[in-house]
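Here the structure is laid out as structure tokens; the discussion comes afterwards.
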Amino acid sequence: MAQQALSLLFFFIFPLTFTVILVSTANSNVYVQCSELNFTSTTPYESNLNSLFTSLAESASVYNFNKFQISQQNDDTVYGLFQCRRDITSPNCKDCVANAINQLKTTCPISTGGQIQLEACFMKYDNKAFFGAQGKTEACKRCGPSIGYNSDVLNRIDGALANLVGGNGQYFRSGEFGNIRGVAQCVQDLSLSDCEDCLSEASRRLRSECETSAEGDMYLGKCYIRYAADQGN
Ligand SMILES: *[C@@H]1O[C@H](CO)[C@@H](O)[C@H](O)[C@H]1NC(C)=O
């Protein structure tokens with residue numbers, strides 16, 4: 001009987017709880033930024049931007065990354081891309097991107113450019129070409145509570161971040177390294193060497209700005225790196 005209750009817990013309740021947590025946080029906002037410049041309504045730029053949003057939303061039901069350049073005339077070109085966290089499902093990606101578009105439309109209704117990071121997806125658009133360009137400007141930082149100076153944990157955090165930066169030669173990296181959970185991702189329009197360069201900068205800033213935090217997130221323009229030390233270790 002106890003065993004039955006236990007397997008119920010493992011095979012049904014735990015995964016269910018996990019799924020609910022995953023779905024409810026997938027669309028939560030990390031940051032959103034709007035450009036200074038505005039466009040005029042009922043111009044070709046506005047209709048190109050709407051076409052871009054449609055293309056991004058449709059593409060997100062099939063791919064986890066895609067970029068588009070929409071133009072009728074040269075000076076009305078809009079560039080945009082989206083990317084989902086590598087480990088989420090296709091329906092969750094589609095849902096996250098739809099949510100990102102809605103939040104961008106609400107927050108930056110007349111901006112020529114904007115970018116948004118939700119837990120599970122990233123989106124950026126602009127009237128200037130930015131595909132393939134490095135982005136190491138700090139967009140958002142979160143530092144968890146301090147654990148005080150504990151050289152053992154801090155060394156393991158350093159090790160985990162080094163593992164993520166040195167990485168697997170892919171745009172998405174995650175794992176548990178000595179009781180430190182870590183995740184990192186670059187926007188896939190970067191080359192892998194620019195990805196490494198971006199992550200190494202993100203890691204350096206994370207360590208210098210979050211110092212003794214048990215967890216920390218650093219989001220730069222084109223990459224992010226995050227870690228969390230399991231408590232009680
Ligand atoms: C763009 O529009 C916003 C909101 O109306 C305004 O605060 C901002 O000053 C505008 N930017 C420029 C460059 O005019």
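Counting convention: from 1, in listed order, for ligands and their atoms alike.
Ion pairing between Asp158 and Arg207 holds under the 4.0 Å rule for side-chain N and carboxylate O. Electrostatic pairing of Glu119 and Arg142 counts as a salt bridge here, judged by a charged N lying under 4.0 Å from a carboxylate O. A salt bridge links Asp189 and Lys222; the closest N-O separation between the charged side-chain nitrogens and carboxylate oxygens is under 4.0 Å.
Less than 4.0 angstrom separates some heavy atom of Glu36 from each of these atoms of ligand 1: 1 (C), 10 (C), 11 (N), 12 (C), 13 (C).
For atom 4 (C) of ligand 1, no protein non-hydrogen atom is found at a distance below 4.0 Å.
Comparing Ile110, Thr112, Asn38 by heavy-atom distance to atom 10 (C) of ligand 1, the nearest is Asn38.
Residues passing the side-chain hydrogen bond (donor to acceptor under 3.5 Å, both in side chains) test with Gln103 are Asn29, Asn99, sequence neighbours excluded.
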